[in-house]
Number of protein chains: 2
Amino acid sequence: MEKPPTTAYADNPDVDRLVSDLIGRVADKWTLLVIEVLEQAAQVRFGALARAVPGISQKMLTRTLRQMERDGLVRRTVHPVIPPHVDYALTALGHGLAAAFCPVWTWAETHLAEVEAARAAFDAHT
Amino acid sequence: MEKPPTTAYADNPDVDRLVSDLIGRVADKWTLLVIEVLEQAAQVRFGALARAVPGISQKMLTRTLRQMERDGLVRRTVHPVIPPHVDYALTALGHGLAAAFCPVWTWAETHLAEVEAARAAFDAHT
DNA sequence: CCGCATCCATTATGATACTG
DNA sequence: CAGTATCATAATGGATGCGG
């Protein structure tokens, strides 16, 4: 059934599951990296994205961008010229998510050494 | 827009790639959901985790917890009793990561309706 | 009984070649 | 240049078994 769009979803199991699903889709490795690149430049072309996200394949980049477009995170602009020219830019929604992810990047930069130390200790322990 | 906030070593390509790798490992779907559950209760047993993270398989839960333990995010405590009793708890590092992910959860709760509307609009256009 | 490792079917991902 | 199609490979889930 449909629920009215209330802001107080506190501990509703249904909403909680929807939020979990959304987190699961948005907290994808490639999505995060693409958001990070798009957040630092207003508009980025497909090739530039492929270059800026090291290790991503064309298929995954395409799929990730389509998914983000469908979720309203990015706006895809096609310029009908030859050769083709396609720009990707974050929407307001996407910028909000990028801002929400900012502390995660800060955490990763700050605690990278600790994580590597923990890994070394764990590997030595076994 | 403005110049993005950078740390002292954010412009180092090597560190940038290490941070990307760390993000890629930590921004896993199951890792995030497990962190969320562990952040709300001090100690959680394996079975309780499997129940609290809907849709996860036992194998993925085991693998996710091992990886998080190796990265120093969780501490695994085995009580040698019968039946077995294994508690998982976030370390200080894990709590920091949970706190960093907090805005992402807030964003997901706040903008869930917008994402669903964007999906409906995208699906209608195609 | 609980945690977790192993076998197999399904799916997701990567590398390459090709089209508009 | 942007995106698709195809095939090889790795990741994942489900069921089962086993030790404590």
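Just so it is clear: chains get the letters A, B, ... in the order the sequence lines come, proteins before strands, and each one is counted from 1.
Put simply, CG on A:L93 and CD on B:E114 are 5.0 Å apart, with the number rounded to the nearest 0.5 Å. Here the CZ-CG distance, from A:R51 to A:L49, works out to 9.5 Å after rounding to the nearest 0.5 Å. Between A:K29 atom NZ and A:I56 atom CD1 the span is 9.0 Å, to the nearest 0.5 Å. Rounding to the nearest 0.5 Å places CZ of A:F46 at 4.0 Å from CG of A:L61. How far CH2 of A:W107 is from CZ of B:F101: 8.5 Å, rounded to the nearest 0.5 Å. Note: A:Q40 CD to A:I35 CD1 = 12.5 Å, rounded to the nearest 0.5 Å.
Atom-to-atom, CG of B:L65 to C1' of C:dC2 comes out at 14 Å; the value is rounded to the nearest Å. In this structure, CD of B:Q58 is placed 16 Å from P of D:dC18, rounded to the nearest angstrom. To the nearest angstrom, P of D:dA11 lies 11 Å from CD of B:Q67. Whole-Å rounding puts the A:M60 CE to C:dT16 P distance at 16 Å. The distance between atom CD of A:E69 and atom P of D:dA2, rounded to the nearest whole Å, is 15 Å. One interatomic measurement links the two molecules: CG of A:L61 to C1' of C:dA15, which rounds to 15 Å at whole-angstrom precision.
Note on residues 64-78 of chain A: pairs passing side chain to side chain donor-acceptor pair (under 3.5 Å), not counting sequence neighbours, are A:R70-B:D123, A:D71-B:R119, A:R76-A:Y88.
Scanning for ring-ring contact (aromatic ring centres under 6.0 Å, His included) contacts around B:H79 gives B:H85, with sequence neighbours left out.
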Close N/O contacts between protein and nucleotides 6-11 of chain C (under 3.5 Å):
residue : atom : partner : partner atom : Å
C:dC7   : N4   : B:K59   : NZ           : 3.4

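For the segment residues 19-55 of chain B, the set of residues with a heavy atom within less than 4.0 Å of an atom of DNA chain D comprises B:W30, in numerical order. Residues from residues 79-89 of chain A placing a heavy atom under 4.0 Å of any atom in DNA chain D, listed by number, are A:P83, A:P84, A:V86, A:Y88.
A close approach under 4.0 Å does occur between a side-chain nitrogen or oxygen of B:R66 and OP1 or OP2 of C:dA5.
Put simply, the side chain of B:T91 does not reach to within 4.5 Å of the side chain of B:V74, judged on heavy atoms.
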Donor-acceptor contacts under 3.5 Å from residues 19-26 of chain B side chains, at least two apart:
residue : atom : partner : partner atom : Å
B:S20   : OG   : B:D16   : O            : 3.0

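Proximity of a side-chain donor or acceptor of B:T62 to a complementary backbone N or O of B:Q58 within less than 3.5 Å is detected.
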